[in-house]
Peer 1: 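Have a look at this one before I ask anything.
Chain letters run A, B, ... following the sequence lines, proteins first, then strands; residues in each count from 1.
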Number of protein chains: 2
Amino acid sequence: MRVQPEQALTLAAITTEGTFDAAAQRLHLTPSAVSQRVRALEIAIGRPVLRRVRPVELTPAGEAVVRFGRQLELLSSDLSDQLEPSENGSTPRITLVVNSDSLHTWALPGLVKAADHVQLTILREDQDHSLELLRRGTAHGAVTATGTPMPGCSSRPLGVMRYRPVCTPAFAAKWFADGVTGTTLATAPVVTYDDKDDLQDRYLRRQCRTTLQPPRHYVPATHELGQAIQLGLGWGMLPDLQLAGLDSGTVTALTPSAHLDVPLHWQQWRLTSTALDHVASAITESAQALQP
Amino acid sequence: MRVQPEQALTLAAITTEGTFDAAAQRLHLTPSAVSQRVRALEIAIGRPVLRRVRPVELTPAGEAVVRFGRQLELLSSDLSDQLEPSENGSTPRITLVVNSDSLHTWALPGLVKAADHVQLTILREDQDHSLELLRRGTAHGAVTATGTPMPGCSSRPLGVMRYRPVCTPAFAAKWFADGVTGTTLATAPVVTYDDKDDLQDRYLRRQCRTTLQPPRHYVPATHELGQAIQLGLGWGMLPDLQLAGLDSGTVTALTPSAHLDVPLHWQQWRLTSTALDHVASAITESAQALQP
DNA sequence: GAAGCATCATAAGATCATCTTATGATGCGA
DNA sequence: TCGCATCATAAGATGATCTTATGATGCTTC
C-alpha cells in the first residue's frame, strides 16, 4: 500500500513536536487519531517508523517518510503561493540553522531581504547540533563547517570566517608584559563561547605546541562575548567581521599575524521549493561578506 | 482551503488522458467521482481549473495544480523506492521530449543505461511543441534549442548539433554541374523533415542572401530522410552524427565548408527526484557525443 | 513507594467525506 | 434523428477516520 500524504505530514509533525500529543494539538486532532494514523502508516509500509521514546526517534524508514512529508509541505506552500500570491496567510516557513557568530556578523542582512515571501525560523546552534537538526528534518538548511553533504542534502561553500586572538591594551599590558609566550598564555584568562568552543584551544596549540589550561570564562552569546573581551574579562578569538565593528583601539591582537580560518558551507535538502531557493540565495549573497 | 493531493493527482490524470471518463478508468473510479473531485478542487481554490472541451484545456490555475500533482507523483515514487528497493512494480515513469534528429543520432544510448530504475516515455516532438509539453507538465524534461529556462524549469547546455547540406554525387552531377549557385539552388529539389523544418532555408539564406523557393519534398522521419537523400530524392541538411553512419561516398557536401550549428539544451523541472536526476545525467552523458 | 502526570494503545461507536448508482443535459457525428 | 460520448447533479451507500472512553506504562515528586 502507498503512504498517504496525510500520514507523512502527521509523522513530520510528530517529529518536530517530539510527542504524539503535541503533534495532535498542532494538527487539531485527538492524540488517538494521531496514534491510529501512525499505526496505519506502519502497517502500510510493513515496519515501524519510530521508537516510542521521548522525544520520539525515527527509524530509517520513518526518516524517508518524514523527508517526503517535508517536501510535500514545501510543494504545497509553493502551490498556494502560485494560486493566491496576495493572501500571505500561508507563506511557507523555512527553518535554518546558523551558528552564533555567523548570525551576529554576516548572515542576517541577506536573510532579511529574502523574508518577503518566506517566514523564517532561525535556529542558533553549534555545529554538532546543526547537522542533527538537518538530518532529522527539523531544519531545511544549515550553515555548517563541514563541506561533505549529508545524505539527501547538497552542500555549497560560503566562504571563510577569519578569527583573531584579541584583548584590550590594558589586558595585554597586565598579562602579556613579558610577551605572548607559553608561560603567559598558560595564566592569562581566556573568554570562550562555551565549553565546546575550541577556537581558543586551536590557537593555543598552534602557538605553543602544547596543551595549556588557562583560566576560562564562558559567555554564550557572540555580542556579549565581544563586550566581555572589551571589558577586559580575558582574551578571546573574535571574527574579523566583528572586530571591524568595534571602535579602533579598544582591542588589540595578541599576535598580529596569527589567525584561524573556519571555512563555512551551506547545506540544504535537495528539494525544489522557491521559498528554500530564496533563502539559499540570500545566504549566499550575505556570504559575499566572507570573501577576502 | 488547501488543495488535496488526491485532487491534484486526479487533475493530472485528466490532463494526460484528455477526458474525465478516461481518467476515471485509469484511477479505477466512476466518472462521477472524477467530476466531483474536480468540482471540489475548483471550489477549494475558487476558480475553474480547466475548460470542458475535448481534450480538456487547463487554466493557469489548473496548470499550477497539475505541476504540483506531477511532482507529488515523483516524490511518491522516490519514497516507494526507498522503502522497498526490491519491489520494482512501481518504478517511476519519466516523460521527456526529444527532437527527432537527437533521438536518432545521440540521445538513445545513454537513456538506455538509465532505464534500469526508470520507465521512460519518450515523446518525439519539434521545438515548439516540446516547450508546450514541458509547460503543461506532460513532460518532465526536454531537449530544446532555447537555452532560456521556462519558469519553474532549469536549463543546461548539452552541446551543438552540426548540420551539413548533402546530396548524392549523382544528384550533384545532375543539378549542380554549374556549381552551387543561386540559380541552381533555386531549382534543385530539397528534402526536409516537414514544413516547419527551416534548416534548409537558413542555409539557403546564408548562401544566397535571397529567399529561394526550390521544390520541396517532406519526409517526416530522420532515418528515412537520410535514405531519401541517399536515393537521390533531393539534397538536405543532415547532422554530422548521422553522416558518420553512412557509407563513405554515398553522399557529398554541396559546399564542403558550410555548416549550421544548432545548440541544444536540456530543460527540466526544478524538482528533486532521483529518477529524473538519473535521466538528466543520462542525457548529459549521451550529449558527450555532441562535443567537438 | 504512592500519587500524579504525561504518554501511547485500543475498543467501539459516531461522523463525515467520498464513492456509486441513477438520471439528465449537452454536443457531435453518422 | 438517432446514437454515442461526455460531463453534471441528486441521493443514498460505504467506509475510512475521527472522537470518546478507558487502560497500560513509565517517569517524576513528595
Peer 1: Take atom CG of L50(A) and atom C1' of dC8(C), then tell me their distance rounded to the nearest Å.
Peer 2: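 Result: 11 Å.
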Peer 1: Figure out the CZ/P separation between F20(A) and dC5(C), and round it to whole Å.
Peer 2: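 Whole-Å distance recorded here is 23 Å.
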Peer 1: Which one, dA11(C), dC19(C), dC7(D), comes nearest to the side chain of S32(A)?
Peer 2: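 Comparing dA11(C), dC19(C), dC7(D) against the side chain of S32(A), the answer is dA11(C).
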Peer 1: Please state how far atom CZ in R2(B) lies from atom P in dA17(C), giving the value in whole angstrom units.
Peer 2: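 Taking CZ of R2(B) and P of dA17(C), I get 15 Å after rounding.
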Peer 1: Please report, rounded to the nearest Å, how far the P atom of dC7(D) is from the CG atom of L41(B).
Peer 2: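 About 15 Å, once rounded to whole Å.
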Peer 1: Taking atom types as they are modelled, is there a donor-acceptor pair under 3.5 Å from the base of dT19(D) to the side chain of Q36(A)?
Peer 2: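 When only heavy-atom distances are counted, Q36(A) does reach the base of dT19(D) through a donor-acceptor pair under 3.5 Å.
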Peer 1: Check R52(B) with E42(B), please: is the shortest side-chain N to carboxylate O separation under 4.0 Å?
Peer 2: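 Result for this pair is yes, salt bridge flagged.
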Peer 1: Can you find a side chain N or O atom of R52(B) that sits less than 4.0 Å from OP1 or OP2 on dG27(C)?
Peer 2: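 No, R52(B) has no side-chain N/O under 4.0 Å of OP1/OP2 on dG27(C).
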Peer 1: Quickly work out the L29(B) CG to dA8(D) C1' distance and round it to whole Å.
Peer 2: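 After rounding, the gap between these two atoms is 16 Å.
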Peer 1: V3(A) vs L83(B), test: side-chain contact (heavy atoms from CB on, under 4.5 Å). Steps then yes/no.
Peer 2: CA-CA 10 Å; V3(A) 173; L83(B) 292 179; 4.0 Å; yes
Peer 1: Start at the 5' end of DNA chain D and walk down; is the nucleotide closest to E6(A) or to R54(A) reached first?
Peer 2: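 The answer here is E6(A).
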Peer 1: Once you round it to whole Å, what is the distance between C1' of dT25(D) and CZ of R51(A)?
Peer 2: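 My rounded result for the distance is 16 Å.
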Peer 1: Using a cut-off of 4.0 Å on non-hydrogen atoms, how would the nucleic acid contact of T19(B) be classed: base, sugar-phosphate, or nothing?
Peer 2: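 Sugar-phosphate only.
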Peer 1: Under 4.0 Å between a Lys/Arg side-chain N and an Asp/Glu carboxylate O for R2(B) and E73(A)?
Peer 2: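 The answer is no: the pair does not qualify as a salt bridge.
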Peer 1: Measure from the side chain of S35(B), starting at C-beta and using heavy atoms only, and say which of dA8(D), dA10(D), dC7(D) lies closest.
Peer 2: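 Given the options dA8(D), dA10(D), dC7(D), the side chain of S35(B) is closest to dA8(D).
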Peer 1: D21(A) has an atom CG; how far is it from atom C1' of dG26(D), in whole Å?
Peer 2: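 The answer, rounded to whole Å, is 14 Å.
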Peer 1: Among the nucleotides dT21(C), dT10(C), dT19(D), which one has an atom lying closest to any side-chain atom of T30(B)?
Peer 2: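 Among the listed nucleotides, the one closest to the side chain of T30(B) is dT21(C).
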Peer 1: Is any side-chain N of the basic residue among D201(A) and R216(A) closer than 4.0 Å to the acidic one's carboxylate O?
Peer 2: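 Looking at D201(A) and R216(A), the cut-off is met.
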Peer 1: Is R37(B) near enough to dC19(C) that one of its side-chain N or O atoms lies under 4.0 angstrom from OP1 or OP2?
Peer 2: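 Answer is yes, contact under 4.0 Å.
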Peer 1: Is it the case that atom NE2 in H278(A) sees more than 12 heavy atoms from other parts of the structure closer than 6.0 Å?
Peer 2: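 Counting neighbours around NE2 of H278(A), 12 or fewer heavy atoms of other residues, nucleotides or ligands fall under 6.0 Å, so no.
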Peer 1: Could you give the CG-to-C1' distance, from L27(A) to dT17(D), as a whole number of Å?
Peer 2: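 One finds 14 Å between C1' of dT17(D) and CG of L27(A), rounded.
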